[in-house]
Protein chains: 2
Amino acid sequence: MTSEISVDEMRAAHKRTAPFIHNTPIMTSEKIDEKVGAHVLFKCEHLQKTGSFKARGALNSVILAKEQNAKGVIAHSSGNHGQALAWSALKIGLPCTIVVPRNAPVSKIDGMKEYGANITLCEPTMSSRESVCADLAEKLDSFYVDPHNCVSMINGHASVVFEVLGQVGNEIDSIFLSVGGGGFAASVAFLIGNIRPDVEGEYRIYLVEPEQKQLSKLLEEGVQCDVETLNTIADGVRVAQVGSLCEPILKKYCTKTVVSVKEEEIKEALKLIWTRMKQRIEPTAALAFAGVLYHKPSHIKRPLVILCGGNVDTNYVIN
Amino acid sequence: MTSEISVDEMRAAHKRTAPFIHNTPIMTSEKIDEKVGAHVLFKCEHLQKTGSFKARGALNSVILAKEQNAKGVIAHSSGNHGQALAWSALKIGLPCTIVVPRNAPVSKIDGMKEYGANITLCEPTMSSRESVCADLAEKLDSFYVDPHNCVSMINGHASVVFEVLGQVGNEIDSIFLSVGGGGFAASVAFLIGNIRPDVEGEYRIYLVEPEQKQLSKLLEEGVQCDVETLNTIADGVRVAQVGSLCEPILKKYCTKTVVSVKEEEIKEALKLIWTRMKQRIEPTAALAFAGVLYHKPSHIKRPLVILCGGNVDTNYVIN
């Protein structure tokens, strides 16, 4: 679809999607500030349409697909990406197919169905997901929308940055976000890196990862993570590898700003946000806050944490 | 302390407490509007200091106690009232004692301790709570602050009404709230009834109760509920009787607007708010929404639901 990742395309995507997307609020908590010893701002993407930031890139992708006369859109997903794409397709009026691994939670599948998506089940392996999806995409003449490694997704996600700069641009000194496949991280890092010339100084983007991911090794030494899927409660970032489009961007802007956290730290961060802020975020959103809570560099005084999503089953408990 | 429930006292309480209290946001959800078939506004008192509206009345009570040279404040509580009073006392600089039944959840006791309250345990019966509290109040020369049947609490809670009228006064046609001991309900009903002359027409206050409570029988026929404690998941409104100060107010303004809901309806309402709005409210807050979701009179088009609190343990699940 769109051919390049650029500030102009990001601006255009923001304009294109803004009428349908929430400018999500920013929350704060005195109690959390006390615990962290800094003024923490939370960008509430769990209050975004479909319950995650994914709606931003997905909507941009679907609008562009329609402009290019696609018959539909398709993706494989067990979670937020599928719901975001289904919602976007429903809004814009394009058929949507999601290839879902058989072991996906029923609640997520129900979410996709509620937005009118056609569901095709496949085996719970990446190779089955990809091959079923590729076959169907050809058969249905549908645009394939990759959750991470996709120019229109990356350009679309950047609307969160325009919002944040408008809301609290002069109040923050850093942005902390959870990193998985790298699409969202690349989007934020690229835009901040290009429109805030002080990025190397004040405005740093911190990538918070489950410790098994070892993203620093990739960015500093070119060494890939040796597993395909991480063993973490942060189910939105279990994919270990970052996309090939994302890697050079993250290398350029975030080589020294990877923060690794332990599972126990994610749980404690999640508990604090549930009990203090009463926000029912998902564990993957707590990951970013765990980076601030346990590993914030001492010179950072006003971090913004992006709470990426809130899609968690009603019977989920923190053990 | 304050001698009467009045609009002037409510205005004074609002002015007195506003510097310390959140003007809590109002949230909406397209998905919930679709389900209800009306535009529902939610006043987020779970985002209030201490996680419930109780902070409003408690703070007013503590400020007045201090003005009257009390040596401290005291109450019995197993939950939100104790936390609200402890927080208020800490803010204003008065010692606070809470008499807590032995079976109270540890998390709630911890909350009170965190705000610096002295905790005295008692047997889990109302008579033990009351007698231990009365003895201590005399010994410590402390003001006793009843959670429901207390003029300064009732006057203090009314600040929520001034906020709501300022935020969405012209957008709503009714207010739905959860009713337990009746202090909050009486506060809202009294103030709306006195400053909105259209109260009998457009602006109605609906009292939502667990069905076992049978508040209509009391208001219409003078028949008290035949149990002391209700068997409901809405733990904040388990007290069956309404306070003697509250009863005549509720009789005057709400005799025809009691809404009874079933336990299953509370659970479904709670699930919707957790999953759609991502707000981790407590079951008692969902009670008010259950009234709208299942029993809204058809002429009501723009109800405001007061979400009373969000203090729920991290391991709580909806069964």
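Here is how names work: the chains are called A, B, and so on, in the same order as the sequence lines, proteins then strands, and each is numbered from 1. Predicted model only: the values in this text are computed from it and were never measured.
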Problem - Top contributor to chain A interface from B/Met277, B/Met27, B/Lys49 [non-hydrogen pairs under 4.5 Å] - result: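 Of B/Met277, B/Met27, B/Lys49, B/Lys49 has the most heavy-atom pairs under 4.5 Å with chain A.
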Handout entry: Residue, of B/Ile281, B/Leu47, B/Leu270, B/Asp313, that accumulates the most heavy atom pairs under 4.5 Å with chain A
Key =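 Sorted descending by pairs with chain A, the first entry is B/Leu47.
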Handout entry: Aromatic plane relationship, B/Phe162 with B/His14 - under 30° parallel, 30 to 60° tilted, over 60° perpendicular
Key =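 Ring orientation, 0 to 90° scale: parallel.
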Handout entry: Name of the residue among B/Ser187, B/Ser88, B/Ser159 meeting side-chain hydrogen bond (donor to acceptor under 3.5 Å, both in side chains) with B/Arg56
Key =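 It is B/Ser159, the one option of B/Ser187, B/Ser88, B/Ser159 that forms the side-chain hydrogen bond (donor to acceptor under 3.5 Å, both in side chains) with B/Arg56.
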Handout entry: Any side-chain donor near an acceptor of the partner, B/His46 and B/Gln279, under 3.5 Å
Key =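 Yes.
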Problem - Contact origin within B/Glu30 toward chain A - heavy atom pairs under 4.5 Å - result: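 Looking at B/Glu30, just its side chain touches chain A.
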Problem - A/Lys267 bridged to A/Glu264 by N-O distance under 4.0 Å - result: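 A/Glu264 and A/Lys267: salt-bridged.
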Taking [options] one by one, which has the highest count of heavy-atom pairs under 4.5 Å against chain B?
options: A/Ile318, A/Thr275, A/Thr314; result: A/Thr314
options: A/Thr50, A/Val317, A/Val312; result: A/Val317
options: A/Lys271, A/Arg276, A/Lys278; result: A/Lys278

Handout entry: Atom CG of B/Asn315: over 12 foreign heavy atoms under 6.0 Å
Key =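 More than 12 heavy atoms, drawn from other residues, nucleotides or ligands, come within 6.0 Å of this atom.
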